[in-house]
Participant: 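First the structure, which I've put down as structure tokens, then a few questions once you've had a look.
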Amino acid sequence: MTKEELVKVAYEAQKFSYSPYSGFQVGAALLTKGGKVYTGCNIENAAFSPTNCAERTAFFKAVSEGEKQFEAIAIVGNKAGSPKEQWEFCTPCGVCRQVMLEFVDPENFVIYAGKGNEIRCFTLKELLPESFSPSMVSE
Ligand code: THU
């Protein structure tokens, strides 16, 4: 699957965003090493803190179905109804970066941030340097 295709799936998932409070709609598409794609959207809550980001939705769906090997994630996000010229590349929040680190090799896992037809690529290591990693805790 190409990065363009993965970003397209993220845009499909964005349609399901439940974001009545922020109006910021996010979609994610997580590609496993086996070639399966798990999608996610942000899911907000009136109490605010239970809100789940699109990336974590995708990861938790995948992990809860037994997946542990991940290749890449595509993320897109923008304010509902905002003109394309105002869109930004949607890179994952700090909490989502830490969640990703739990399940991937940071030097190889790729994060695609989409903005319309443009795509920026990062490794998790670039977005979360000097991280607190699982190996520091596990025996
Ligand atoms: N959000 C995500 O889904 N992913 C991110 O990486 C950044 C933020 C969501 C959370 C909230 O519903 C809305 O975007 C505004 O912060």
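Each ligand, and each atom within it, is numbered from 1 in the order the structure gives.
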Participant: If hydrophobic clusters are built by linking Ile, Leu, Val, Met, Phe, Trp and Tyr wherever their side-chain heavy atoms come under 4.5 Å apart, do F59 and V37 end up in the same one?
Facilitator: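 Cluster IDs for F59 and V37 differ.
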Participant: Rounded at 0.5 Å granularity, tell me how far CD in E71 sits from CG in L6.
Facilitator: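 Atom-to-atom, E71:CD and L6:CG are 9.5 Å apart.
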Participant: Below 3.5 Å, N or O to N or O, backbone or side chain included: is there any such pair between A54 and ligand 1?
Facilitator: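 Min N/O separation from ligand 1 is below 3.5 Å for A54.
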Participant: Please check if a non-hydrogen protein atom sits closer than 4.0 Å to atom 16 (O) of ligand 1.
Facilitator: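 Protein heavy atom within 4.0 Å of atom 16 (O) of ligand 1: absent.
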Participant: Between ligand 1 and N52, is the shortest N or O to N or O distance under 3.5 Å?
Facilitator: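 Looking only at distances, the answer is no, because the N/O contact criterion of under 3.5 Å is not met.
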Participant: Of the listed options (C53, G23, G40), which comes nearest to atom 10 (C) of ligand 1 when hydrogens are ignored and any heavy atom counts?
Facilitator: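 Residue with the shortest heavy-atom distance to the ligand atom: C53.
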Participant: Between E44 and S22, do the side chains contain a donor N or O and an acceptor N or O under 3.5 Å apart?
Facilitator: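 Yes.
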Participant: Hey, are S133 and S135 close enough side-chain-wise for a donor-acceptor pair under 3.5 Å?
Facilitator: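 A pair is found: one side chain offers a donor N or O, the other an acceptor, under 3.5 Å apart.
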Participant: Out of curiosity, is P92 lining ligand 1, as in a heavy atom under 4.0 Å away?
Facilitator: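 Per 4.0 Å heavy-atom rule, P92 contacts ligand 1.
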Participant: Which residue, L31, I119, V110, forms the side-chain contact (heavy atoms from CB on, under 4.5 Å) with K3?
Facilitator: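 With K3 as partner, L31, I119, V110 yield a single side-chain contact (heavy atoms from CB on, under 4.5 Å), made by I119.
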Participant: How about I111 and I75: do any of their side-chain heavy atoms sit closer than 4.5 Å?
Facilitator: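 In short, these two side chains touch, coming nearer than 4.5 Å.
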Participant: Is it the side chain, the backbone, both or neither of S22 that has a heavy atom closer than 4.0 Å to ligand 1?
Facilitator: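 For S22, the contact with ligand 1 is made by the side chain alone.
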Participant: Side chain of T2, backbone of E5: donor and acceptor closer than 3.5 Å?
Facilitator: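 Indeed, once roles are kept as given, a pair shorter than 3.5 Å links the two residues.
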Participant: Return the closest protein heavy atom for atom 9 (C) of ligand 1 as residue, atom name and distance.
Facilitator: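 So the nearest neighbour among protein heavy atoms is N42 ND2, 3.6 Å.
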Participant: Nearest non-hydrogen contact with atom 6 (O) of ligand 1 belongs to which option: E44, K79, R56, E55?
Facilitator: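 Looking at heavy atoms only, the winner is E55.
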Participant: Backbone or side chain, does any N or O of C93 fall under 3.5 Å from an N or O of ligand 1?
Facilitator: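 C93 vs ligand 1: N/O contact under 3.5 Å present.
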Participant: Need the ligand 1 atom indices (1-based, order shown) with element for anything under 4.0 Å from a heavy-atom of T91.
Facilitator: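 Those qualifying, in numeric order: 6 (O).
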Participant: Do any heavy atoms of I75 fall under 4.0 Å from ligand 1?
Facilitator: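 Distance cut 4.0 Å: I75 fails for ligand 1.
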Participant: Taking the side chain as every heavy atom from C-beta outward, state whether S82 and W87 have any pair of such atoms under 4.5 Å apart.
Facilitator: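 Touching, per the 4.5 Å side-chain cut-off.
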